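All values reported here derive from a predicted model rather than from experimental measurement. Just so we're on the same page: letters track the sequence lines, and every chain starts at 1.
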Amino acid sequence: MKLNVNGSTHEVDADPATPLLYVLRNDLELNAAKFGCGLGQCGACTVMVDGKAIFSCLTPILLLEGREIKTVEGLGTIDNPGPMQQAFIEEQAAQCGYCIPGMMMRAQALLQSKPDASDAEIQTTLEPNLCRCGTHMRILKAVRRARELMKTAAATPASGGRKI
Amino acid sequence: MNAPRFPNVTRRNLLLGTGALVVSFSLRNQVFAQEGELNVPAKPPEPVAPGPKLPGSLADTPSLDAWIRIDADSSVTVYTGKAELGQGTKTSLRQIAAEELEVPPASIKLITADTAITPNEGFTAGSQTVQNSGTAIRNAAAQVREILIQQASSKLQVPADQLKAKNGRITGPDGKSIGYGEVVMTDMLHVDAQPKSKLKSPEAYQYIGKPFARVDIPAKVTGGQAYVQDMRLPGMVHARVVRPPSWFATLKDIDTASIKAMPGVVAVIHDGNFLAVAAEKEFQAVQAMRALTNLAEWEEKPRLPNEQDMAAVLQKSESEQGVVAEAGADFAGGTETFSAQFLRPYQMHASIGPSCSVAHLDNGTMTVWTHTQGVYPDRKAIAQMLGMPLDKVRCIHTEGSGCYGHNGADDAAGDAALIARALPGRPVKVQWMRDQEHLWEPYGPAMLTKVSASLDASGKIVNWKYDLWSNTHSARPGSAGALLPGQLMASGYPPDKPVMNITPLGNGDRNAIPLYSIPNMRVLWHFVADMPVRVSSLRGLGAYANVFSIESFMDQLAKEAGTDPVEFRLKHMDDPRARKVITTAAEAFSWSNEPMPEGRGRGFAFAKYKNHAAYLALAMEIDVDKETGKIRIPRIVSAVDCGEAVAPDSIRNQTEGGIIQSLSWTLYEEVNFDNTRITSSDWSTYPILRFSAVPGSLDVHIVDNPGSPYLGVAEAAQGPTSAAIANAIANATGKRIYNLPFSPARVKATLGV
Amino acid sequence: MKFGRVLIGLGALITAGAAGAFAYAWKPEIAPINPPERASFDQALIEHGAKLAAVGNCTACHTNPGGKSFAGGLTLPTPFGTIYSSNITPDPETGIGTWSQAAFQRAMRDGIGRKGEHLYPAFPYDHFTIVSDDDNRALYAFLMTRQPVKATPPPNELSFPLNVRLVLAGWKMLFFKDGAYQADASQSEQWNRGAYLVNGLGHCGACHTPRNSLGAEKASLHLAGGEAEGWSAFALDGLSPAPVVWDKDSLFTYLRQGWHPDHGVANGPMGEVTGNLGLLPDSDIRAMATYVASVMGEPSADRRAKSEKLLQEVKSGLITSATSNDQSASSGGKGAAIYQAACAVCHENGRPQPFGGLDLRLSSTVHAPDPQNAINMVLYGLPAASGRTSAIMPGFADVLANDQLNDLLGYLRQHFTDEPAWADVVKRAADTRTGKYHVSIRPSDGIERGPSNIGAEDQ
């Protein structure tokens, strides 16, 4: 079946009942979305469908024909990171980093639909996503930074890192 | 080129063996553990001659070329036996090496824990990476630099003291220069390290202590390959295990033909109580696993203790006692004696990504990619389990999700190897499910502590008695019996017998000795050998419960003495660095005794991790809602001294993370079980902290000591955080909670109506 | 609710007998007092009051989620406009700190505030009126010893004439009968205790009884089913939709621990109810269960037989065959595929209640006459509670388009029940999504530890 992922259409040969997560990771070799629980409890698998954040571990691809799927890979590249990615790099918002793509997608969905989301709304929106390393403070800071970066083209660099 | 060190592994046969093992990576796109060329002809390691102790891990692996390699093109490779667990090791070790080698950190290829290639530094545990590996690498790098300068001196005909190393070149006063690559010779670095090195002084630092972006983050936020879960090897199959419903369960007869016939299934493994299935596609493996789970019938035994009664259970199960510390006389002095008892439940690592491993049996060699903390011990256990010679098993550390101690990684590696043995030639990736990780990872042991102390007329502590009851906090491999598959297989191995081991760095007794000046002290570990619940090392080991107990009790004593809690600690603390950290935290917090609105309280705590590693003090303000038992934390301020700060941002990150993780442990976490099964199998049954509960603000102040030895910092926050909450609750409500966690139900019950 | 009818009704009321109405409507102020000291209350009385407040679920309305307890400000959408709950902490300026015992009693018994103002029946004094004087004393002791919070809720948003409190006098005249509980001598003590709790502080009928156009409970349809916060509150009388019939034991278990293996977990607003009941002694919960069971009455022989058969099948693992109400193959096909791929992974994995997905053959939600709860569950699931164990179900609102939701619900209805298809699912789902039909989403509350002793038998 055909799936639209990050702007391109892919012909995927998989059982229609397959959760999107496995198709993304195995058939399309996209690494960002992660397996965390397969139960919709942790958010490590979060991607965007038609601009909304969903759990890819529980969404069978049979529901996704004709919908626009977006993963972290669709936000930018290592040479050209998008504002959300840029913000997370600037704020060094990761320890093990495993939960981060899910965080970024949920935050992206919020800020795309609500560019002026308040700090409190950001915090509430991220509730379905778990971080076990305790990186919460930086994640919130990074999303607030992303909010600014998404609004303005030019941005003053944040503290905390010399690029290598 | 470089020295022969490791037997039988050549670049040629490695590549042939693994096929797709890509050896050369650009940092920008991928951050796999294996970077750089592998060019290591065989020679067994030489015995270490006795002499003055070498710094850090050089003591075990003294040859410089085990740590550093310079190629003819001047490229630098650094080897470490430690692993990246999410603590930023890959970055901080680069900073250290770059500083002494005078090359940009980005240019360094860092190879982490690999039994074929890197030094054996045991486990990446106990917050010792920078302390041990960093120290070794720093000294090795400094000594390599001096060797290069010596060589350049003879090549350039310029006295060595007029030469300077910078940016990969050695330069003389008249501008004559020569690149590192032009200077290297075969076996040049195959020399043992010297006990002393010419280290750069802090004023000259370019990299150590400077803000430094982590090398792995860009790939992790742009979909690069970073984790063992991201590995894709040609011909790889996906595997799942089926675990028993409880640890002592046995499998009844089973006919797996129907599973074998499922779409895509290439193997069904039934070996004693070990069940697994492998399939071409991942979802096929998941579906086959579900079918196999339904098919399997188990006979279970009610072996678990009474969860409501752990204090009594632990005391009843005491098997031996050991003296952890003894000083002065037993019942000396004091006008009044106070005592308290504390209880900590089993708690779990609960890493966000369940364990995963890839194994490949090819041409008689089993290669295992694993996020274990100890590739060498894991290899040994796997080799024993498979009945293979050690040199035929290779374990390569590849990042997993956050690692906070001995979790399921070693077992998953064993699973992968056992399954790969049934599918020679095909790489096998095993992914544990969420409930498998929750139910089978070894937990942090339940602990009971009892403390009593007396104050003299001036309000000073004169004697102190501390008793703790706990299992061992280390069941790491070890033998094949330390691995789950090793236990479950038909020719299974019994779990390693737990042994009480009292050492300065501590196990269950870690941080059981207060750092405070107390003239008469006795600390005992009542060892509990019986482990009906699988336990091992969880971040901090005994320090979490011991510091919780000691620091809660210090506040209790302070109150009895009528002294401010911070004052009380300073009154008993001689160590100047501890005093500095305590006062820094208190001042940054604006600690006072000003009355606060109802329901609000402030709490303080301090510890020097292991009494050997980093110093950490923190103060926090909390709000307690009596009606709901919920605790809100508007602010936390901490101060940490870990010696010379290599990567300040990493220190902050680890400390913030440790504080928040400890908040979660302390407010929510306990493993639940009935008399047969663990019931905490996922996030619904083992809730952890979510965004709604994060503190309003969290500050970390680093007390830097440039030039002083590195002190491990990654676990320093666990214990003090828990006590600070307990102390803040007592301050806010007048009531103290002694049993962890401080769940809303427990807080409500303690406070009453 | 037809606003026009409301106006006419009230207008008629006010005009006819205006003088008498005025005499009835106007109530005097009760003098303010200084907030009483905690020491003036017996600790035992305060603790008794705490239990009663739990039955009454005061906190559910008088606490804004995330805010301070009892400080009010919760938004209560009603068909008549939006009401904000009041601050009932003992703060003298913004709460009830200046209320005497008599003022509190009057509020509970007659629905009148300290200053003589009529209270909106969103505060269910039509139930609280039966609470005894002694219990009111205990509740007063409890509330007056809570933490005072300075907080003024936003003003209510009601249109004229509903924003004129005097109008409520008319409502009361029509629909409100005040007075403490009178025991039914023909029933047992346990039954009476249950009736007192259920109809009084429990105010179960406030959700579980249908209301008329003026928002009053229909007395003749006591506990015949109602709605609350966007959820159907199922009938607790003979119309109960539960596929396995309730009895006093299963009702006790459910109310005690917030779930039952044959029925599922408490969700929606009921989650908080069972959570609160955790404070009560077994005897009170048994009493409530006994009373509700008697209201449900004996099921018909046919219904009981079906119920037994179902339990047998579920416990033996037999899958029921598709029923006679087979929908067209294609839509059943799509719905079936969605169910198999997205739902069965939890709802058919055998994990026991309360943390596993309920075997939908047992689900009242799927059997209910109204599809709203099924829509709510599928769209929003059960969010994780903060800081305690709770059943978690993900929501599928952003994953299912409305037609897919329709297919899925049609399949559930057809495959797991013998009931006729739901009408209007698409429109109802669309209104729910846009917020036109407002639904409150809460975690499943009050779940005690899961079932124990699964696996080996006690030896």
Side-chain angles (χ1 to χ4, degrees), chain A residues 14-15 17-19 22-23 25-26 29-32 34-39 41-42 44 71-73 75-79 81 84-85 88-89 92-101 104 123-140 159-164, chain B residues 28-29 85-88 104-106 210-227 229-230 232 281-283 286 350-354 399-404 431 433-434 649 653-654 656-661 663-664 682-684 688-692 694-695 698:
Chain A
D15 179 348
T18 309
Y22 297 129
V23 170
R25 293 189 59 80
N26 299 321
E29 299 196 358
L30 296 170
N31 297 310
K34 302 278 187 293
F35 175 77
C37 69
L39 302 166
Q41 298 175 351
C42 78
T71 70
V72 158
E73 288 86 347
L75 297 182
T77 64
I78 197 165
D79 292 310
M84 181 65 68
Q85 296 162 314
F88 272 77
I89 294 171
Q92 295 283 280
Q95 286 182 66
C96 79
Y98 200 82
C99 74
I100 299 296
M104 293 166 69
Q123 192 166 349
T124 311
T125 298
L126 290 175
E127 188 79 353
N129 287 56
L130 287 175
C131 167
R132 184 47 164 168
C133 292
T135 313
H136 302 70
M137 314 302 289
R138 292 188 178 213
I139 292 169
L140 289 172
S159 62
R162 176 162 76 193
K163 299 270 293 256
I164 51 164
Chain B
R28 285 151 48 73
N29 291 320
L85 306 177
Q87 352 80 307
K210 308 295 176 203
F212 212 85
R214 271 184 39 196
V215 306
D216 55 333
I217 287 183
K220 286 175 175 173
V221 299
T222 53
Q225 284 189 303
Y227 305 96
Q229 286 89 341
D230 299 331
R232 291 177 198 97
K281 290 186 158 209
E282 189 163 15
F283 189 49
V286 172
S351 185
I352 208 85
E399 268 193 80
S401 67
C403 174
Y404 321 108
Q431 171 66 63
M433 304 302 284
R434 185 74 253 163
D649 196 57
N653 211 355
Q654 282 287 287
E656 286 170 18
I659 290 174
I660 291 193
Q661 192 177 72
L663 284 182
S664 183
D682 64 359
W683 305 114
S684 73
I688 64 173
L689 193 131
R690 289 183 182 262
F691 274 94
S692 53
V694 301
L698 209 189

Interface residue of largest heavy-atom contact number with chain B, from A:M137, A:Q123, A:M104, A:R132, under 4.5 Å: A:R132
Nearest heavy-atom contact between B:G402 and A:C133 is CA-SG, 4.0 Å
Is B:F691 close to A:L140 at the side-chain level, that is, under 4.5 Å between some pair of heavy atoms? yes
Given heavy-atom pairs under 4.5 angstrom as the criterion, report whether the side chain, backbone, both or neither of A:L30 touches chain B. backbone
Test side chain to side chain contact (heavy atoms under 4.5 Å, CB included) applied to A:C37 - qualifying residues, sequence neighbours left out: A:L39, A:Q41, A:C42, B:R434, B:W683
Taking B:Y227 for its side chain and A:N31 for its backbone only, find out whether a donor-acceptor pair lies under 3.5 Å. no
From the options B:Q87, B:Q661, B:Q654, B:E656, select the one residue that forms a side chain to side chain donor-acceptor pair (under 3.5 Å) with A:Q95. B:Q654
Indicate yes or no: at least one non-hydrogen side-chain atom of B:D230 is less than 4.5 angstrom from one of A:R25. yes
Contacts of A:F35 that satisfy ring pair (Phe, Tyr, Trp, His ring centres under 6.0 Å) - sequence neighbours left out: none
Can you confirm whether B:I352 sits close enough to A:K34 that some side-chain heavy atom of one is under 4.5 Å from a side-chain heavy atom of the other? no
Are the side chains of A:T18 and B:K281 in contact, using a 4.5 Å heavy-atom criterion? no
Could you walk me through whether A:Q85 and B:T222 pass the side-chain hydrogen bond (donor to acceptor under 3.5 Å, both in side chains) test, one step at a time? CA-CA 7 Å; A:Q85 296 162 314; B:T222 53; 5.3 Å; no
At a heavy-atom distance under 4.5 Å, which candidate from B:I660, B:N653, B:V286 has the highest pair count against chain A? B:N653
Contact check, side chains of B:P695 and A:H136, non-hydrogen atoms, under 4.5 Å: no
Taking all non-hydrogen atoms of both residues into account, name the closest pair between B:S401 and A:Y98 and its distance. CB-CG, 3.5 Å
Heavy-atom nearest pair, B:V221 first then A:F88, reads CG1-CB, 4.2 Å
B:L85 to A:C96 - nearest heavy-atom pair and separation: O-CB, 4.2 Å
